[in-house]
There are 2 protein chains.
Amino acid sequence: MEGSTPRGRTRIQKEKREVILEAALEVFSTNGFRGSTIDQIAEAAGMSKPNLLYYFRRKEDIHETLMHRLLETWLAPLKELDNIGDPMTELRSYIRRKLEMARDFPRESRLFANEILQGAPRIMAMLEGELKTLVDEKVEVIKGWMRSGKVAQADPWHLIFAIWATTQHYADFDVQVRAVLGPDRGGEGRFEDAARFLEQLFVEGLRPKG
Amino acid sequence: MEGSTPRGRTRIQKEKREVILEAALEVFSTNGFRGSTIDQIAEAAGMSKPNLLYYFRRKEDIHETLMHRLLETWLAPLKELDNIGDPMTELRSYIRRKLEMARDFPRESRLFANEILQGAPRIMAMLEGELKTLVDEKVEVIKGWMRSGKVAQADPWHLIFAIWATTQHYADFDVQVRAVLGPDRGGEGRFEDAARFLEQLFVEGLRPKG
DNA sequence: CTAACGTTTGTCCAATCGGTCAAAAAATTG
DNA sequence: CAATTTTTTGACCGATTGGACAAACGTTAG
């Protein structure tokens with residue numbers, strides 16, 4: 001090996017790096033970056049600390065790799081929002097996709113939330129760059145819908161925020177949601193209930209007048 | 001002094017404890033419990049670490065005191081929601097109050113978010129007890145409104161979640177909101193815009209049909 | 001002034017932190 | 001098989017962590 005950190009050349013390296021990233025996702029998403037230790041991740045990954053550091057030389061490298069992957073997944077649903085179909089159908093399926101992500105990738109959502117809560121020190125450039133550009137673009141799409149009368153007039157930026165907030169809430173605040181709903185209402189069905197409610201809220205809330 | 005930790009008897013004790021809590025709120029809300037150090041809090045409070053530990057014997061004690069205070073403030077707006085006035089007016093002012101709290105007490109909101117994100121280890125009992133009871137009670141109020149036809153039929157639990165999510169978003173994800181809105185739209189006016197949007201969303205989204 | 005009490009600090013400690021390193025063990029290659 | 005390379009581990013390091021403690025300092029009442 002000529003380099004310093006193995007670059008996933010061998011089969012073992014690819015596999016072990018995945019195991020580590022999976023374990024790190026679990027640990028980082030519940031404890032945040034500073035609150036997580038390499039030992040915790042190593043234990044969750046079923047290996048010794050020096051062994052883990054053989055695959056990722058620094059704690060930051062793990063977090064960075066995780067973040068890079070996350071952001072790709074995270075922006076995908078918004079990227080799909082486009083002018084092709086019926087506006088309200090597009091919005092409804094965007095909400096549905098975001099809610100499915102909250103259901104299927106809650107740890108990713110919490111990892112992201114942790115980063116933002118801490119002031120986004122590691123992804124600020126991406127927020128002001130790639131994310132802002134993408135949102136600006138989609139805001140124009142939504143403005144077009146509103147001009148054409150297919151969607152009620154409203155602030156498109158805050159519409160996007162509201163969709164993000166309501167859907168990610170079911171991942172980030174999952175513990176609270178389940179505690180409040182109780183054992184009976186708090187089962188897996190809560191996502192169906194949430195989907196129905198949010199569809200109603202946004203569809204009726206954005207139905208064009210007259 | 002007969003006890004171990006001073007109990008705010010003297011003037012200095014009351015003052016210094018407040019200074020510490022103020023500093024700890026700042027530190028805990030951005031770094032989480034595990035990610036914060038006593039040294040950080042002591043420095044933010046302008047005193048030495050042993051001096052801080054004279055007023056709060058353990059790091060956990062500071063966090064616990066902060067949490068207890070927070071929860072009282074936090075539940076107040078929901079407690080005020082009652083049957084007296086017009087339903088939609090009640091809902092609108094609840095949303096407004098929650099948004100004002102996100103604007104005026106963002107650190108408290110982030111402290112709470114951090115705790116929930118980490119699985120709410122310290123306040124789980126309160127979530128399943130006091131909070132659930134309160135929400136159950138308010139759900140009945142909202143159900144009454146829906147039965148009387150003043151508010152559209154919808155899931156009251158998820159309505160409450162949606163209000164929590166959309167309003168607290170402006171505190172917890174403030175960095176992202178400001179980054180996406182950019183320098184011009186991201187000023188203090190963003191709360192006015194958010195208030196207008198959310199009022200429209202919930203009022204129209206919950207307007208009874210026919 | 002002095003005794004008693006409240007406050008502050010410097011020093012210290014054991015535990016834990018992120019990370020290194022050399023050597024052992026395992027896998028791969030010829 | 002032996003030689004080489006990759007993987008794993010135990011021991012270790014300096015820095016930081018939460019916290020203890022006694023001594024020093026400040027304040028106040030008699």
Side-chain angles (χ1 to χ4, degrees), chain A residues 1-28 30-67 114 118 121-122, chain B residues 1-28 30-67 114 118 121-122:
Chain A
M1 176 59 55
E2 90 294 346
S4 34
T5 297
R7 297 218 168 196
R9 272 191 235 286
T10 75
R11 173 186 53 89
I12 290 186
Q13 280 168 9
K14 275 181 183 142
E15 287 174 4
K16 293 282 168 111
R17 282 176 69 100
E18 287 309 312
V19 172
I20 291 170
L21 288 171
E22 160 69 24
L25 175 60
E26 189 73 31
V27 175
F28 280 141
T30 54
N31 299 109
F33 181 76
R34 286 215 51 190
S36 305
T37 71
I38 300 183
D39 290 278
Q40 279 179 308
I41 301 171
E43 194 193 332
M47 62 181 71
S48 65
K49 180 168 67 171
N51 196 187
L52 182 149
L53 286 166
Y54 170 69
Y55 293 102
F56 291 91
R57 277 159 68 206
R58 293 174 310 164
K59 183 183 168 186
E60 272 197 308
D61 292 348
I62 311 175
H63 192 264
E64 195 186 319
T65 305
L66 228 36
M67 270 296 173
N114 256 306
Q118 287 161 22
R122 287 165 250 274
Chain B
M1 175 60 53
E2 90 295 345
S4 35
T5 297
R7 296 219 169 196
R9 271 191 237 285
T10 75
R11 175 184 50 88
I12 291 185
Q13 278 168 11
K14 276 181 183 143
E15 287 175 3
K16 292 283 169 107
R17 281 174 71 99
E18 286 310 311
V19 171
I20 292 170
L21 288 171
E22 159 69 24
L25 175 60
E26 188 72 31
V27 175
F28 280 141
T30 53
N31 299 109
F33 181 76
R34 286 214 51 190
S36 305
T37 71
I38 300 183
D39 291 278
Q40 280 179 307
I41 301 171
E43 194 193 333
M47 62 181 73
S48 65
K49 180 168 66 170
N51 196 186
L52 183 148
L53 285 167
Y54 171 68
Y55 294 101
F56 291 91
R57 276 159 71 207
R58 292 175 309 164
K59 182 182 168 186
E60 270 198 309
D61 292 348
I62 310 176
H63 192 264
E64 195 186 319
T65 305
L66 228 37
M67 270 295 173
N114 256 307
Q118 287 162 22
R122 287 166 250 272

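Below, chains carry the letters A, B, ... as their sequence lines are ordered, and counting in each starts from 1.
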Let me see the working for E18(A) and Y55(A) under side-chain contact (heavy atoms from CB on, under 4.5 Å), right down to the final yes or no. CA-CA 10 Å; E18(A) 287 309 312; Y55(A) 293 102; over 6 Å; no

In whole angstrom, give the distance that lies between atom CD of E15(B) and atom C1' of dT7(C). 13 Å

Side-chain contact test, heavy atoms from C-beta onward, threshold under 4.5 Å: evaluate it for M47(A) versus K16(A) and give yes or no. yes

Out of curiosity, I38(B) CD1 to L53(B) CG, how far, rounded to the nearest 0.5 Å? 4.5 Å

Near DNA chain D, which residues from residues 33-41 of chain A have a heavy atom under 4.0 Å away? R34(A)

Would you mind classifying the nucleic acid contact of K49(B) as base, sugar-phosphate or nothing, using non-hydrogen atoms under 4.0 angstrom? base

Round to the nearest Å and state the distance from D61(B) atom CG to dA20(D) atom P. 10 Å

Any side-chain N or O of Y55(A) below 4.0 angstrom from OP1/OP2 of dT8(D)? yes

Using a cut-off of strictly less than 4.0 Å, decide whether Q13(B) has a side-chain nitrogen or oxygen near OP1 or OP2 of dG6(C). no

Find the distance K16(B):NZ to dG6(C):P and express it as a whole number of Å. 16 Å

From CA spacing to verdict: side-chain contact (heavy atoms from CB on, under 4.5 Å), T37(A), R34(B): CA-CA 10 Å; T37(A) 71; R34(B) 286 214 51 190; 3.7 Å; yes

note: M47(B), atom CE; dT9(C), atom P; distance rounded to Å ~ 9 Å

Supply the atom-to-atom distance T65(A) OG1 to L21(A) CG, rounded to the nearest 0.5 angstrom. 6.0 Å

Are R122(B) and E60(B) close enough for a salt bridge, meaning some N to O gap below 4.0 Å? yes

What is the distance, rounded to the nearest whole Å, between atom CZ of R17(B) and atom P of dT7(C)? 12 Å

When the distance from NZ of K14(A) to P of dT7(D) is rounded to whole Å, what number comes out? 12 Å

Are more than 12 heavy atoms, taken from residues, nucleotides or ligands other than Q40(B), located less than 6.0 Å from that residue's CD atom? yes

The reported gap from CG in L52(B) to CG in D39(B) (rounded to nearest 0.5 angstrom) is 9.5 Å

Whole-Å distance, I20(A) CD1 to dT8(D) C1', equals 12 Å

At 10 degrees resolution, what angle do the end axes of the helix from dC1(C)-dG30(D) to dG30(C)-dC1(D) form when each is taken over five base pairs? 0°

Between S48(A) and dT8(D), is there a contact of a side-chain N or O with OP1 or OP2 at under 4.0 Å? no

If only side-chain N and O atoms of Y54(A) are considered, is one of them under 4.0 Å from the OP1 or OP2 phosphate oxygen of dT7(D)? yes

Close side-chain approach of T30(A) and N114(A), heavy atoms under 4.5 Å: no

Of K59(A) and L52(B), the one whose closest DNA chain C nucleotide lies more 5': L52(B)

When rounded to whole Å, the CD to P distance for the pair E43(B) and dT9(C) reads 14 Å

Measure from the side-chain heavy atoms of N51(B) and tell me the nearest of dT20(C), dG6(C), dT8(C). dT8(C)

Can you label the angle between the F28(B) ring and the H63(B) ring as parallel, tilted or perpendicular, going by 30° and 60°? perpendicular

